[in-house]
2 protein chains.
Amino acid sequence: MTTTEAVTGAVLDNTCCSSTNTGVDAETARELATAFKALGDPTRVQLLALVAAHTESEACVCDLTAPVGLSQPTVSHHLKILVDNGLLTREQRGRWAYYRLADGTLPELARKLTSVISVD
Amino acid sequence: MTTTEAVTGAVLDNTCCSSTNTGVDAETARELATAFKALGDPTRVQLLALVAAHTESEACVCDLTAPVGLSQPTVSHHLKILVDNGLLTREQRGRWAYYRLADGTLPELARKLTSVISVD
(Lines give C-alpha, C1' and ligand atoms only; values in the text may rest on other atoms or scores of the structure.)
Protein backbone atom coordinates (compact mmCIF):
# COMPACT_ATOMS: atom_id res chain seq x y z
CA MET A 1 0.00 0.00 0.00
CA THR A 2 1.14 3.55 -0.58
CA THR A 3 -1.09 5.24 1.97
CA THR A 4 1.81 6.50 4.04
CA GLU A 5 3.58 7.81 0.94
CA ALA A 6 0.47 9.75 -0.08
CA VAL A 7 0.63 11.93 3.01
CA THR A 8 4.40 12.38 3.04
CA GLY A 9 5.17 16.07 2.93
CA ALA A 10 1.56 17.11 3.39
CA VAL A 11 0.73 19.76 5.97
CA LEU A 12 -1.36 18.02 8.59
CA ASP A 13 -3.22 20.18 11.09
CA ASN A 14 -3.05 19.18 14.74
CA THR A 15 -2.34 15.57 13.99
CA CYS A 16 0.23 12.91 14.48
CA CYS A 17 -1.41 10.52 12.04
CA SER A 18 0.42 9.07 9.11
CA SER A 19 -1.59 6.14 7.80
CA THR A 20 -5.07 4.67 7.43
CA ASN A 21 -3.84 1.12 6.83
CA THR A 22 -6.50 -1.25 8.19
CA GLY A 23 -4.09 -4.08 9.08
CA VAL A 24 -6.59 -6.94 9.08
CA ASP A 25 -10.16 -7.35 7.86
CA ALA A 26 -12.97 -7.57 10.41
CA GLU A 27 -13.83 -11.18 9.55
CA THR A 28 -10.25 -12.40 10.08
CA ALA A 29 -10.03 -10.41 13.33
CA ARG A 30 -13.23 -12.10 14.53
CA GLU A 31 -12.02 -15.58 13.56
CA LEU A 32 -8.66 -15.09 15.28
CA ALA A 33 -10.22 -13.59 18.41
CA THR A 34 -12.67 -16.51 18.72
CA ALA A 35 -9.84 -19.05 18.55
CA PHE A 36 -7.65 -17.03 20.94
CA LYS A 37 -10.50 -16.72 23.41
CA ALA A 38 -10.87 -20.51 23.42
CA LEU A 39 -7.12 -20.74 24.10
CA GLY A 40 -7.25 -18.07 26.82
CA ASP A 41 -7.32 -20.54 29.68
CA PRO A 42 -4.31 -22.49 31.02
CA THR A 43 -6.27 -25.73 31.38
CA ARG A 44 -7.32 -25.58 27.72
CA VAL A 45 -3.74 -24.91 26.61
CA GLN A 46 -2.63 -27.92 28.67
CA LEU A 47 -5.39 -30.12 27.24
CA LEU A 48 -4.47 -29.16 23.70
CA ALA A 49 -0.81 -29.91 24.37
CA LEU A 50 -1.72 -33.23 26.02
CA VAL A 51 -3.79 -34.31 23.03
CA ALA A 52 -0.97 -33.27 20.68
CA ALA A 53 1.57 -35.20 22.76
CA HIS A 54 -0.45 -38.43 22.69
CA THR A 55 0.20 -41.22 20.26
CA GLU A 56 -1.24 -40.23 16.87
CA SER A 57 -2.38 -36.95 18.46
CA GLU A 58 -5.47 -38.62 19.85
CA ALA A 59 -6.46 -38.91 23.49
CA CYS A 60 -9.31 -40.35 25.47
CA VAL A 61 -10.94 -38.04 28.00
CA CYS A 62 -9.83 -40.63 30.60
CA ASP A 63 -6.19 -39.81 29.71
CA LEU A 64 -6.65 -36.12 30.34
CA THR A 65 -8.18 -35.75 33.78
CA ALA A 66 -5.19 -36.83 35.90
CA PRO A 67 -2.53 -34.64 34.18
CA VAL A 68 -4.58 -31.46 34.66
CA GLY A 69 -5.79 -32.49 38.13
CA LEU A 70 -9.45 -31.72 37.48
CA SER A 71 -12.67 -33.73 37.52
CA GLN A 72 -13.93 -35.37 34.34
CA PRO A 73 -16.98 -33.03 34.02
CA THR A 74 -14.68 -29.98 34.25
CA VAL A 75 -12.25 -31.44 31.73
CA SER A 76 -15.16 -32.35 29.42
CA HIS A 77 -16.43 -28.77 29.68
CA HIS A 78 -13.05 -27.38 28.58
CA LEU A 79 -12.77 -29.98 25.81
CA LYS A 80 -16.22 -28.99 24.55
CA ILE A 81 -15.08 -25.37 24.22
CA LEU A 82 -12.05 -26.52 22.20
CA VAL A 83 -14.29 -28.69 19.99
CA ASP A 84 -16.92 -25.95 19.55
CA ASN A 85 -14.19 -23.58 18.40
CA GLY A 86 -12.74 -25.99 15.88
CA LEU A 87 -9.47 -26.69 17.71
CA LEU A 88 -10.24 -30.34 18.51
CA THR A 89 -12.52 -32.98 17.03
CA ARG A 90 -14.43 -35.47 19.18
CA GLU A 91 -15.41 -39.05 18.46
CA GLN A 92 -17.44 -41.27 20.77
CA ARG A 93 -16.27 -44.91 20.82
CA GLY A 94 -18.21 -47.05 23.21
CA ARG A 95 -17.77 -45.74 26.69
CA TRP A 96 -15.12 -43.11 25.93
CA ALA A 97 -14.88 -39.92 23.94
CA TYR A 98 -11.65 -39.50 21.95
CA TYR A 99 -10.19 -36.14 21.05
CA ARG A 100 -7.89 -35.20 18.19
CA LEU A 101 -6.28 -31.98 17.04
CA ALA A 102 -8.43 -30.55 14.27
CA ASP A 103 -6.45 -30.86 11.03
CA GLY A 104 -4.52 -27.72 10.27
CA THR A 105 -6.41 -25.36 12.58
CA LEU A 106 -3.58 -24.56 14.97
CA PRO A 107 -0.79 -24.24 12.40
CA GLU A 108 -3.17 -21.97 10.45
CA LEU A 109 -3.78 -19.93 13.60
CA ALA A 110 -0.02 -19.54 14.19
CA ARG A 111 0.41 -18.57 10.51
CA LYS A 112 -2.37 -15.96 10.70
CA LEU A 113 -0.99 -14.57 13.96
CA THR A 114 2.40 -14.16 12.30
CA SER A 115 0.88 -12.67 9.16
CA VAL A 116 -1.27 -10.18 11.09
CA ILE A 117 1.76 -8.77 12.85
CA SER A 118 4.12 -8.96 9.89
CA VAL A 119 5.46 -5.51 9.09
CA ASP A 120 6.60 -6.45 5.59
CA MET B 1 10.11 -39.53 26.33
CA THR B 2 9.44 -43.26 26.37
CA THR B 3 6.29 -43.19 28.47
CA THR B 4 4.14 -44.66 25.71
CA GLU B 5 6.70 -47.39 25.05
CA ALA B 6 6.74 -48.30 28.72
CA VAL B 7 3.10 -49.33 28.68
CA THR B 8 3.16 -51.02 25.27
CA GLY B 9 2.07 -54.62 25.69
CA ALA B 10 0.96 -54.16 29.27
CA VAL B 11 -2.39 -55.49 30.33
CA LEU B 12 -4.45 -52.49 31.30
CA ASP B 13 -7.67 -53.08 33.17
CA ASN B 14 -10.76 -51.18 32.06
CA THR B 15 -8.79 -48.46 30.38
CA CYS B 16 -8.19 -46.85 27.06
CA CYS B 17 -5.15 -44.95 28.28
CA SER B 18 -1.80 -45.14 26.61
CA SER B 19 0.31 -42.27 27.89
CA THR B 20 0.92 -39.85 30.74
CA ASN B 21 2.84 -37.30 28.64
CA THR B 22 2.23 -33.89 30.19
CA GLY B 23 2.54 -31.93 26.93
CA VAL B 24 3.39 -28.53 28.40
CA ASP B 25 4.46 -27.29 31.84
CA ALA B 26 1.97 -25.34 33.94
CA GLU B 27 3.97 -22.10 33.79
CA THR B 28 4.12 -22.10 29.98
CA ALA B 29 0.41 -22.95 29.81
CA ARG B 30 -0.35 -19.97 32.07
CA GLU B 31 1.84 -17.60 30.04
CA LEU B 32 0.30 -18.67 26.77
CA ALA B 33 -3.26 -18.50 28.12
CA THR B 34 -2.69 -14.97 29.47
CA ALA B 35 -1.48 -13.74 26.08
CA PHE B 36 -4.26 -15.57 24.22
CA LYS B 37 -6.86 -14.10 26.55
CA ALA B 38 -5.60 -10.60 25.75
CA LEU B 39 -5.92 -11.49 22.05
CA GLY B 40 -9.40 -12.97 22.50
CA ASP B 41 -11.23 -9.88 21.31
CA PRO B 42 -11.64 -8.80 17.67
CA THR B 43 -10.94 -5.14 18.44
CA ARG B 44 -7.65 -6.01 20.11
CA VAL B 45 -6.62 -8.20 17.16
CA GLN B 46 -7.44 -5.29 14.84
CA LEU B 47 -5.51 -2.81 17.00
CA LEU B 48 -2.46 -5.06 17.05
CA ALA B 49 -2.60 -5.46 13.28
CA LEU B 50 -3.06 -1.71 12.83
CA VAL B 51 -0.02 -0.93 14.95
CA ALA B 52 2.01 -3.56 13.04
CA ALA B 53 0.87 -2.09 9.71
CA HIS B 54 1.94 1.45 10.61
CA THR B 55 5.23 2.96 9.58
CA GLU B 56 7.95 1.55 11.82
CA SER B 57 5.27 -0.49 13.63
CA GLU B 58 4.35 2.50 15.76
CA ALA B 59 0.99 4.21 15.95
CA CYS B 60 -0.55 7.09 17.82
CA VAL B 61 -3.83 6.37 19.60
CA CYS B 62 -5.30 9.06 17.33
CA ASP B 63 -4.49 6.80 14.33
CA LEU B 64 -6.39 3.90 15.79
CA THR B 65 -9.85 5.15 16.73
CA ALA B 66 -11.28 5.71 13.22
CA PRO B 67 -10.25 2.33 11.71
CA VAL B 68 -11.93 0.37 14.52
CA GLY B 69 -14.90 2.75 14.74
CA LEU B 70 -14.78 3.15 18.51
CA SER B 71 -14.32 6.06 20.91
CA GLN B 72 -10.86 6.97 22.13
CA PRO B 73 -11.56 5.88 25.74
CA THR B 74 -12.69 2.46 24.50
CA VAL B 75 -9.67 2.12 22.23
CA SER B 76 -7.37 3.23 25.07
CA HIS B 77 -8.94 0.58 27.31
CA HIS B 78 -8.18 -2.16 24.76
CA LEU B 79 -4.66 -0.80 24.20
CA LYS B 80 -4.05 -0.87 27.96
CA ILE B 81 -4.92 -4.58 28.05
CA LEU B 82 -2.45 -5.23 25.21
CA VAL B 83 0.24 -3.20 27.04
CA ASP B 84 -0.48 -4.84 30.41
CA ASN B 85 -0.04 -8.25 28.79
CA GLY B 86 3.25 -7.40 27.13
CA LEU B 87 1.99 -7.34 23.54
CA LEU B 88 2.43 -3.60 22.99
CA THR B 89 4.61 -0.92 24.57
CA ARG B 90 3.33 2.61 25.22
CA GLU B 91 5.18 5.91 25.17
CA GLN B 92 3.67 9.29 25.98
CA ARG B 93 4.97 12.12 23.78
CA GLY B 94 3.36 15.44 24.53
CA ARG B 95 -0.35 15.16 23.86
CA TRP B 96 -0.37 11.71 22.34
CA ALA B 97 0.40 8.17 23.43
CA TYR B 98 2.30 6.07 20.90
CA TYR B 99 2.09 2.30 20.72
CA ARG B 100 4.58 -0.20 19.36
CA LEU B 101 4.64 -3.96 19.02
CA ALA B 102 6.60 -5.35 21.97
CA ASP B 103 9.85 -6.75 20.58
CA GLY B 104 9.59 -10.44 19.89
CA THR B 105 6.50 -11.17 21.99
CA LEU B 106 4.17 -12.13 19.17
CA PRO B 107 6.63 -14.16 17.09
CA GLU B 108 7.53 -15.94 20.34
CA LEU B 109 3.84 -16.59 21.00
CA ALA B 110 3.38 -18.04 17.50
CA ARG B 111 6.50 -20.17 18.04
CA LYS B 112 5.27 -21.47 21.40
CA LEU B 113 1.82 -22.19 19.97
CA THR B 114 3.44 -24.23 17.20
CA SER B 115 5.78 -25.99 19.62
CA VAL B 116 2.96 -26.87 22.06
CA ILE B 117 1.02 -28.63 19.35
CA SER B 118 3.97 -30.19 17.62
CA VAL B 119 3.59 -33.95 17.50
CA ASP B 120 7.24 -34.58 16.70
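Worth saying up front: this structure is predicted, and the values here are computed from it rather than measured. Lettering of chains follows the sequences in order, A, B, ..., and the numbering in each one begins at 1.
Considering every non-hydrogen atom in both B:T89 and B:V83, the closest pair reads C-CG2, 4.4 Å. Taking both residues in full, the closest heavy atoms of B:Y99 and B:V51 are given as O-CG1, 3.5 Å, listed atom of the first, atom of the second, then distance. Minimum interatomic distance between A:R90 and A:A97 (heavy atoms only, all atoms of both residues): NH2-CB, 3.5 Å. Considering all non-hydrogen atoms of both residues, A:L39 and A:V45 come closest at O-CG2, 3.3 Å. Listed here is the closest heavy atom pair of A:A33 and B:P42: CB-N, 3.2 Å.
Pairs engaging residues 32-51 of chain A under the ring pair (Phe, Tyr, Trp, His ring centres under 6.0 Å) rule: A:F36-B:F36 [sequence neighbours left out]. Residue pairs that meet the salt bridge (charged side-chain N to carboxylate O under 4.0 Å, His left out) test with at least one member in residues 65-77 of chain B, sequence neighbours left out, do not exist here.
Heavy-atom neighbours of chain A within the stretch residues 106-114 of chain B, taken at a separation under 4.5 angstrom, comprise B:L106, B:P107, B:L109, B:A110, B:L113, B:T114. Inspection of non-hydrogen atoms places no residue of residues 74-82 of chain B under 4.5 Å from chain A.
Here B:T43 contributes atom OG1 and B:L48 contributes atom CG; the two are 12.0 Å apart, rounded to the nearest 0.5 Å. In this structure, CG on B:D63 lies 7.5 Å from OH on B:Y98, to the nearest 0.5 angstrom. With rounding to the nearest 0.5 Å, the separation of CZ in A:R44 from CG in A:L88 is 11.0 Å.
Contact tally against chain B (heavy-atom pairs below 4.5 Å) for A:A38, A:A26, A:A29, A:A66: the top residue is A:A29.
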